[in-house]
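Owing to the predicted nature of the structure, the values given are computational and were not obtained by experimental measurement. Numbered from 1 within each chain, the chains take letters A, B, ... in sequence-line order.
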Amino acid sequence: MYWKYALKRLLNAVFIYVILIFIFSALFNVQMEQTVYAQIDERIKQETMQLKDMKPDEIREWAIQRKAHYYTVYSLDKPVLERVFIRAGNALIFKYGNSSLIKSSSGSRDVRIIVTETIPRTLLLFMTATILDILLGFWLGIKKAQKPGKALDKTTSVITMVVYGMPSWWLGMLMIMVFSYIFKVFPSGGLTSTPPPPDGSWAFFIDSLYHLILPVITLLVIGFWGRAFLTRNIVLSTLQEDYIMSARARGVPERKVLYGHALRSAAPPIVTMGLLALIVSFSGNILFEGIFSWPGMGNLYWVAVQQNDIPVLMGNLSLTTGLYIAGLAILDLIYGFLDPRIKVGGKA
Amino acid sequence: MKFADMKDSFKEFWAEFSKEKTGVIGLILFALFVFIVVFEPVLLPFEDANDRWRDITYWADNPKSAPPVWTNWFSSKKKATTESYYDYTTAEEDLGGMKVVEYTFDYDYQFDEAPNDIILHMDVTGAPMIVVKVVRPDGEEVEVYYGSFNAGNNTKDFRLSVDNNSRDILYNFAVPFENRESLKDVKAGLIKTTDTLFAKAEEGILRSPVSLKGDYKIVIQSIFMGENDNVESPYLIMPGKVSGVLGTDSSKRDVWTGVLAGVKWALLIGILTAIVSVSVGVVYGVISAYLGGWKDAVMQRVFEIFVSVPLLPVLIVMSAIFEPSIWTMIGMMVLFFWTGSVKTVRSMALQIKEETYIEASKALGASNFRIIFKHMVPLLIPYSFSSMALFIPRAVVYEATISLLGLGDAQIVTWGQILSDALSGGAVMSGLWWWVVPPGLSIAFMGMAFAFIGFSLDKILHPKLRTR
């Protein structure tokens, strides 16, 4: 039963999400509360400034009362474990509260707005890069698998290993240094020029494209060799199956063997890898976005770490985790639908 | 396993592995890294760099942001290199109540661009007068320093930086040679002292100095009046316009030293993280597969939770919360990296579990522990090695990433920290490539070495991917 499988998988995803949120809240609890204490102190200070006709003693007493009041409001008077639960509960219903420093582009301090406005920007960059990456990698991988061990295959495989341990942000640093500061060809970062061209115009589109080129090329240079290598391995091992041999023996032309027979069974894992890369890119690449000052989720995370803005950090982390887990679950659902063997639960 | 068996299987393995060219290259690179770690004390140009990397005074005598020495090969204008001079000639003169000791250093200057500075160090006791003169090849004599230094009854290090100290002196020295028109454009406080000191005494000495090549003498006269006054072991350092194998950064640190010192940490982080996390993952996968049933289900749930964690964000948060040290960092990486091999191992172990010899040893009453560790895990050792090799680059990159955010262990020198300093020091904007390229390239080389090894092992293990 597909719906049974789907329900099970979804429940599993929700279960994992809840547990992770609890772990994160426990992890953040101490830090989180420090910001809350600071916020309360600040607010009481402001309130006392507005007070009139009160003696110093009265003010002091009044401040203590207010403090107690706010502690109950933010449930700081409860035991630690309960506070972790409350915090996790809030995060689960996407109530992240207000940031301590960071503001959204419209000036709001609501963490939900701050985080969600960065998602499309991250997607723009990483979707573009991943799609190009998949297309190029797929094409090169098949070329490699057609003539394994020949010059093209060997050289590109070596390049794959050369870039294997290369951090993408380092290449980004180099690219910016070379193409933005030494030869001033591309902008050093950002989503658009400042001030941006009018929204929705062609100029805006071209400007965004211009800003996309350098980061996308960097991601491609790092990524697509690996994708090609994986594609090659999958296609190559499919090409050694018996049914391919029998197809060849029957005199099926090689082109047809490759595209009609081999790719049909090799495609799902290759597509999975691509989609998985896409899902991972939801969270943005923290350093990569930071280096290119791309105002996406990753960059927000970096800024939040540097400014110690815990509510934003927590909101960003739980949204990222949520998107990631949801993505994995959806991937599984699609495959369960396409491939009946998966539904049984790996017993095939 | 007997020793002879091991030797045989190793021989067999080596026969296969040595056919993989890339694998052998990887091994050679790895050997090179090990060589650097072993001979680090000999190779390091600055011996105490490991302990004093962040100590500004230790690096004070280096030039700031100087490119590598070998950039001179590609340039028609030869820039002065960093040199130290410990050899000098001594002359003593007794003038009744005074004693004058004169040390003379020879500096054979054959560059087109002058050094950045002249730095003099001496151990001074008491309170002598010190005079420093530079005698130029054209016979001109410039007194760049005149003053007394009071060390009391102790011995103190006297340090003179001509660049900072003698700007006005050099300006006054040059003024007679320069024409009036040019003088209007030159600000006395902004001239480069050494450029003027090593320039031809002609028009343009301040505005566009042309270097005067030849033998310079740097003469240090110490005049002792007290009984205890003494001066010992003087030495000169000429911080060049180019310096060291890989140049210096904006805090005057030698980049080559940093890169060398980073090798051992990268190896430690990479190898330790990989060994521990793969071992944990393999054992976990085997146990899960072997036990089966509800135990397997629970273990798989736990595994799924760990897999669903977005790794980098959580690692960053954890390193921000915990005291950043290399060991906690390795621990945190292991905490999440072990999941990498579980899935494959479990499916492999499920197959092994069905083998008849497992059944046989069960029938003989072998304990679970014995079956898992004696009969199942050893079969997965080849796989473990290849996946360890591929884990090492990941661990190195993660460490560098966390360090780049400034959350690394501040007690040690890692490539990530050099890059972090480069990023915050504006190396990208000002194009100081010798500061950005080498540490990143080292990370890439280390990744490459283990990727070469790992992929070759992988190829041996999966004969289907073979091309021969």
Side-chain angles (χ1 to χ4, degrees), chain A residues 12-13 15-17 19-20 23-24 27-28 30-31 148-150 153-154 157-158 160-167 169-171 173-174 176-178 180-182 188 229 232-233 236-237 240 280 282-283 285-287 290-291 298 301-302 305-306 308 313-314 316-317 320-321 324-325 328 346, chain B residues 22 25-26 270 300-301 304-305 307-310 312-314 316-318 320-321 346-347 350 390 392-394 396-397 400-401 404-407 416 419 422-423 427-433 436-437 439-441 443-452 454-455 458 462 464-468:
Chain A
N12 188 18
F15 171 71
I16 290 175
Y17 179 66
I19 286 194
L20 282 183
I23 294 174
F24 293 160
L27 215 57
F28 279 112
V30 183
Q31 246 80 1
K150 291 283 151 49
D153 181 33
K154 281 223 162 120
S157 296
V158 169
T160 309
M161 298 179 229
V162 171
V163 300
Y164 184 81
M166 202 184 272
W169 43 263
W170 175 69
L171 191 69
M173 279 165 92
L174 282 192
I176 293 174
M177 193 162 78
V178 174
S180 319
Y181 289 105
I182 298 179
S188 67
F229 191 72
R232 166 206 185 260
N233 282 359
L236 203 60
S237 50
Q240 314 210 341
V280 172
F282 274 140
S283 60
N285 186 324
I286 293 171
L287 282 231
I291 299 272
Y301 203 83
W302 189 350
V305 168
Q306 275 171 341
N308 207 11
L313 218 55
M314 178 75 191
N316 197 340
L317 187 58
T320 308
T321 314
Y324 184 64
I325 294 174
L328 289 181
Chain B
T22 50
I25 294 174
Q300 286 306 302
R301 277 301 95 74
E304 271 169 28
I305 290 170
V307 166
S308 311
V309 172
L312 189 57
V314 172
I316 288 171
V317 167
M318 287 176 73
I321 291 174
R346 183 171 167 271
S347 66
L350 278 175
L390 294 177
I392 291 170
R394 265 185 81 195
V396 175
V397 169
T401 307
L404 195 75
L405 286 162
L407 299 171
L419 281 171
L423 194 66
V428 172
M429 269 183 280
S430 30
L432 307 179
W433 52 267
V436 180
V437 176
L441 212 56
I443 296 174
F445 267 122
M446 182 154 287
M448 197 174 92
F450 289 105
F452 277 166
F455 280 114
D458 220 30
H462 297 108
K464 265 192 177 178
L465 301 178
R466 248 183 241 176
T467 48
R468 281 186 310 270

Exercise: identify the closest heavy-atom pair between [X] and [Y]:
X: A:Gly149; Y: A:Lys154; answer: O-CG, 3.8 Å
X: B:Val314; Y: A:Tyr301; answer: N-OH, 4.3 Å
X: A:Gly165; Y: B:Pro393; answer: CA-CB, 4.1 Å
X: B:Val428; Y: A:Met177; answer: O-CG, 3.4 Å
X: B:Ser308; Y: A:Ile325; answer: CB-CG1, 3.8 Å

Portion of [X] that has a non-hydrogen atom of chain A nearer than 4.5 angstrom:
X: B:Thr401; value: both
X: B:Val396; value: neither
X: B:Ile316; value: side chain
X: B:Phe455; value: side chain
X: B:Ile392; value: neither
X: B:Ala427; value: backbone
X: B:Arg394; value: neither

Exercise. What distance separates A:Leu236 CG from A:Asp153 CG, expressed to the nearest 0.5 Å?
Worked result: 8.0 Å
Exercise. So which part of A:Ile291 gets closer than 4.5 Å to some heavy atom of chain B, the side chain, the backbone, both or neither?
Worked result: side chain
Exercise. What part of A:Phe24 lies closer than 4.5 angstrom to a heavy atom of chain B: side chain, backbone, both or neither?
Worked result: side chain
Problem set entry | Stepwise side-chain contact (heavy atoms from CB on, under 4.5 Å) check, B:Leu419 with A:Trp170 | CA-CA 8 Å; B:Leu419 281 171; A:Trp170 175 69; 3.8 Å; yes
Exercise. For the candidates B:Gly440, B:Ala449, B:Ala451, which exhibits the highest count of non-hydrogen atom pairs separated by less than 4.5 Å from chain A?
Worked result: B:Gly440
Exercise. Pick from B:Ile25, B:Leu404, B:Val309: which one has the most heavy-atom pairs with chain A under 4.5 Å?
Worked result: B:Leu404
For this session: Determine, stepwise, if the pair A:Tyr164 / B:Leu390 fulfils side-chain contact (heavy atoms from CB on, under 4.5 Å).
Result: CA-CA 9 Å; A:Tyr164 184 81; B:Leu390 294 177; 3.5 Å; yes
